[in-house]
Colleague: 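One structure, pasted below without further comment.
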Amino acid sequence: MKTIDVCLSPELLHLYDLEDRTIVVVDILRATSCMVTAFAHGVESITPIANLEECLRMKAKGYVTSGERDGKKVDGFDKGNSPFEYMDGDLRGLKLAFTTTNGTLAIEKSKGAKEVIIGSFLNLSSVVRYLLLGENNILIVCAGWKGRVNLEDTLFAGAVVEKLKDYLGWDCDAPLAAQHLYNLAKGDMVKFLDSSSHVKRLSRLNISKDIEFCVTPDQYKVIPRLKNGVLLA
Ligand code: 3SL
């Protein structure tokens with residue numbers, strides 16, 4: 001039977017064999033939600049870059065520079081880390097270089113996997129269908145916050161486990177814990193996340209509409225997939 005596991009922080013990735021897995025990297029607030037939104041609105045590619053200066057240098061090569069540090073758009077960057085900045089269609093056909101505190105780092109660390117795709121609530125059903133039809137074992141890598149666990153990425157992992165539970169096996173309790181949390185939260189995820197660390201952190205930025213949007217399932221069908229270090233739809 002195909003298996004699913006949940007890596008609650010990129011710091012735990014060394015515990016998993018990656019070679020036979022499809023990894024789903026998730027950073028609900030807000031990196032992977034932005035990436036999915038950007039592809040749904042026509043960007044050609046996203047190059048995830050862990051290092052800020054390296055990302056900035058991509059501007060000279062014609063890339064749109066995107067992302068955040070401390071949740072805020074970086075000086076000199078074209079775009080920040082709100083999904084609403086990626087909806088205009090002004091990025092159609094363009095290449096993005098993207099760096100965020102945790103999301104792009106989690107992608108970087110996942111590169112040893114057989115396949116890496118990008119998940120969010122916004123493309124949840126497409127991701128679930130893709131994983132169900134695929135042959136590989138599955139690992140959901142939660143970006144967390146600076147190596148620590150967060151609730152919103154765990155909820156996404158739980159949603160995937162809940163939807164695939166009849167078709168997959170697991171031998172660790174992380175998928176089970178995530179599934180239970182998701183079932184507790186699914187009636188009102190915004191409320192459930194109210195006291196979570198990252199929602200508190202983001203509250204100073206006044207972006208409650210980002211949070212509401214990022215936990216809304218199935219806005220888009222696109223699945224970003226990593227190919228030679230570049231995400232393509
Ligand atoms: O850590 C990340 O990758 C971000 O998405 C963080 S924030 O939501 O922009 O603060």
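Hydrogens, waters and symmetry mates play no part in the numbers below; they use all other heavy atoms, side chains included. All ligand and atom numbering here is 1-based and tracks the order in the structure.
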Colleague: Give a yes or no on this: more than 12 heavy atoms of other residues, nucleotides or ligands lie within 6.0 Å of atom NZ of Lys59.
Modeller: yes
Colleague: Provide the number and element of each atom of ligand 1 under 4.0 Å from a heavy atom of Gly71.
Modeller: 9 (O), 10 (O)
Colleague: Check the orientation of Phe84 and Phe213. Use parallel for under 30°, tilted for 30 to 60°, and perpendicular for over 60°.
Modeller: tilted
Colleague: If you measure from atom 8 (O) of ligand 1 to every heavy atom of Arg201, His198, Glu68, Lys72, which option wins on shortest distance?
Modeller: His198
Colleague: In terms of atom number and element, which parts of ligand 1 are under 4.0 angstrom from non-hydrogen atoms of Ala31?
Modeller: 3 (O), 5 (O)
Colleague: Suppose I only count heavy atoms of Asn81 and a 4.0 Å limit; which atoms of ligand 1 are within that range?
Modeller: 4 (C), 5 (O), 6 (C), 7 (S), 8 (O), 9 (O)
Colleague: Can you find a side-chain donor-acceptor pair between Asp27 and Thr32 that sits under 3.5 Å?
Modeller: no
Colleague: How about Arg30 and Ser120: does a side-chain donor come under 3.5 Å of a side-chain acceptor?
Modeller: no
Colleague: Which residue in the set Glu85, His41, Lys79 passes side chain to side chain contact (heavy atoms under 4.5 Å, CB included) when paired with Leu91?
Modeller: Lys79
Colleague: Just jot down the ligand 1 atoms closer than 4.0 angstrom to any heavy atom of Gly103, in number order.
Modeller: 2 (C), 3 (O)
Colleague: Does Asp153 offer a backbone N or O that forms a donor-acceptor pair with the side chain of Asn150 under 3.5 Å?
Modeller: yes
Colleague: State the atoms of ligand 1, each with its element, that fall below the 4.0 Å cut-off from a heavy-atom position in Thr101.
Modeller: 1 (O), 2 (C), 3 (O)
Colleague: With heavy atoms only and a cut-off of under 4.0 Å, state how Asp27 meets ligand 1: side chain, backbone, both or neither.
Modeller: side chain
Colleague: Could you check whether atom NZ of Lys111 has more than 12 heavy atoms from other residues, nucleotides or ligands sitting under 6.0 Å from it?
Modeller: yes
Colleague: Under 4.0 Å, heavy-atom basis, I'd like to know which part of Leu202 is in contact with ligand 1: side chain, backbone, both or neither.
Modeller: side chain
Colleague: Starting from atom 1 (O) of ligand 1, find the nearest protein heavy-atom neighbour and note its residue, name and distance.
Modeller: Asn102 ND2, 2.7 Å
